[in-house]
Number of protein chains: 2
Amino acid sequence: MLPTKTPLKIAIVDDHNLFRKGLIKLISLGDKENKYSILFEAENGNDLKDKLKSKSPPDIILMDIDMPDLNGYEAVDWLRKYHPDISILVVSMFETEEPIMRMLRMGVKGYLSKDIEVEDMHQALEAIANKGFYYSDLVSGIMAQNIQSTNPEIRLKQGSALILTENEREFLKLACTELTYSQIADRMNLSPKTIDGYRESLFQKFQVKSRVSLAMYAVKNNLVKI
Amino acid sequence: MLPTKTPLKIAIVDDHNLFRKGLIKLISLGDKENKYSILFEAENGNDLKDKLKSKSPPDIILMDIDMPDLNGYEAVDWLRKYHPDISILVVSMFETEEPIMRMLRMGVKGYLSKDIEVEDMHQALEAIANKGFYYSDLVSGIMAQNIQSTNPEIRLKQGSALILTENEREFLKLACTELTYSQIADRMNLSPKTIDGYRESLFQKFQVKSRVSLAMYAVKNNLVKI
DNA sequence: GAGAAAAAGGGGATTTTTCCTGTATGACAC
DNA sequence: GTGTCATACAGGAAAAATCCCCTTTTTCTC
């Protein structure tokens, strides 16, 4: 339970200034009792790191996911290590299971779509202030579905399979370029057949069936920068 | 300055309620002289169509691009036909040449990034109200580069935004998936040879030599969502 | 309505990717 | 030692992608 007497300190992390400024207005205009104060804004994860060095930490961070430099997942991961006491409320345009579960597994205290009523956001803030978390029906429904699947195959898919070797990472980067596999083999001083082994291994791990899908997966999951 | 004129009627089209509501606050709170009135909101292009049937048309529409059902491009295309008198101000997260030029070619009166100062947005609204358009330095710079030559060969060398046909765009989306070219041909009800022609054409336009590069280019330039 | 340009489709060869089947090697535990 | 596991590597075949050069159909202009 977070302190209720002094205003709750909030920070906003989102890469679009218009959205940040609008959100601030929505929070402060609906806040008659002065329950909240906006401590600072950051435009991505790296900016957040910087600002946490020079400023006092907020109680709650409103966190976007898709941002340049350091995205929401990476930022939450970092916060978990260095500021585990800060409550994180994700505010994202993504409404699908994958990002929601990924964030919940990292221990965020709530997950809001950007397409919600203003009142819902106020409720979320209030809930986090009072009981420490806010999970909407959508989010708790997805949680329930996933809590059951201790299914080994699914666990394998999400857990151990995502560990890549150094060579696999290097190959993955080059597979996103115009080089052919045999050129990649030359570049890495390995046999084309070894390269084919990396390809097969990554296809398995990512559950894809073509080089294009491999590249798309890599981009989507920030394994390669574009 | 007296409020002699009737306020400028504005509509907002964006698929995220939090953003729309924030934007409304930012517009109305900075509007001491009552120059603007928010007529209505729509959450995508189809919703806009519906609302234009039952309501009086606005003077300006603030238009997002990435929306479900009917996106910004399609909505602007429709508006151009049925409501050519409405000024369109695009407000998008995309800041690259391709979407900007595509919108400008359709005759929008301004293009704003979502990552701008609140003051810039007010300036844009004022400019459109007074002189009918607002092109930031970024946008007019891109216009200048593209206005010089309609010759595709010269434009290629300059790296200017290219014009794609509807079919090429559709093919490009599918080329970023796991489908083979012949499956894409089936999906689009065209001959595999025609698909091969689209491929060749896009390879030329983007100066790439493989499907992977094509997909990476498309992602980099926001031609496909990932 | 002729002519030009764009879009759609085609034949066929080469290269690359994908997917099987394997084997050789070294590290490691027991 | 022996077994096991991960890694590097191979042969070979089928599928897909790439790249030539070429014809037909549609669309638009004059």
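The sequence lines fix the lettering, A, B, ..., with proteins before strands; numbering per chain opens at 1.
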Can you tell which of [options] lies closest to the side chain of [X]?
X	options	value
A/Arg199	C/dA8, D/dC9, C/dT18	C/dT18
B/Thr194	D/dC19, C/dA8, C/dC19	C/dA8
A/Phe203	C/dT17, D/dC9, C/dC19	C/dC19
A/Ser191	C/dA8, D/dA10, D/dT18	D/dA10
A/Leu190	C/dC19, D/dC9, D/dC19	D/dC9

Exercise for the section: Assess the side chains of B/Tyr198 and B/Asn167: does a donor N or O sit below 3.5 Å from an acceptor N or O? Expected result: yes
Practice task
Could you verify whether a donor N or O on one side chain and an acceptor N or O on the other, from B/Lys225 and B/Asn222, lie under 3.5 Å apart?
Solution key: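 Looking only at side-chain atoms, B/Asn222 and B/Lys225 do not form any donor-acceptor pair under 3.5 Å.
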Exercise for the section: Evaluate the ring planes of B/Tyr181 and B/Phe171, with Trp represented by its six-membered ring, and classify them as parallel (under 30°), tilted (30 to 60°) or perpendicular (over 60°). Expected result: tilted
Problem - Distance-only donor-acceptor test, A/Lys193 side-chain atoms vs C/dG22 base atoms, 3.5 Å - result: no
Handout entry: Heavy-atom donor-acceptor pair, A/Asp196 side-chain to D/dC9 base, under 3.5 Å
Key = no
Nearest whole angstrom, please: distance from the [atom2] of [N] to the [atom1] of [X].
X	N	atom1	atom2	answer
B/Glu170	C/dA7	CD	C1'	17 Å
A/Phe171	D/dA8	CZ	P	13 Å
A/Leu202	C/dC19	CG	P	13 Å
B/Phe206	D/dT18	CZ	P	14 Å
B/Glu166	C/dA8	CD	C1'	17 Å
A/Glu168	D/dA6	CD	C1'	11 Å
B/Arg211	D/dA16	CZ	P	11 Å
A/Ile195	D/dA10	CD1	C1'	14 Å

Problem - A/Lys21 with A/Glu41: basic N within carboxylate O range, under 4.0 Å - result: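 Result for this pair is yes, salt bridge flagged.
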Problem - A/Trp78 vs A/Asn46 side-chain heavy atoms within contact, under 4.5 Å - result: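 Answer no - side chains too far apart.
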Exercise for the section: Answer yes or no: is there a side-chain heavy-atom contact under 4.5 Å between B/Leu70 and B/Leu48? Expected result: no
Practice task
Using a cut-off of strictly less than 4.0 Å between a heavy atom of the residue and any atom of DNA chain D, enumerate the qualifying residues of residues 174-185 of chain B by number.
Solution key: B/Thr180, B/Tyr181
Exercise for the section: Give me the one residue out of B/Asp64, B/Asp47, B/Ile61 that meets side-chain contact (heavy atoms from CB on, under 4.5 Å) with B/Val13. Expected result: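 Of the listed residues B/Asp64, B/Asp47, B/Ile61, the side-chain contact (heavy atoms from CB on, under 4.5 Å) partner of B/Val13 is B/Ile61.
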Practice task
Ignoring backbone atoms, test whether A/Tyr198 places a side-chain nitrogen or oxygen under 4.0 Å from the OP1 or OP2 oxygen of D/dA8.
Solution key: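 It does, given that an N or O in the side chain of A/Tyr198 lies less than 4.0 Å from OP1 or OP2 of D/dA8.
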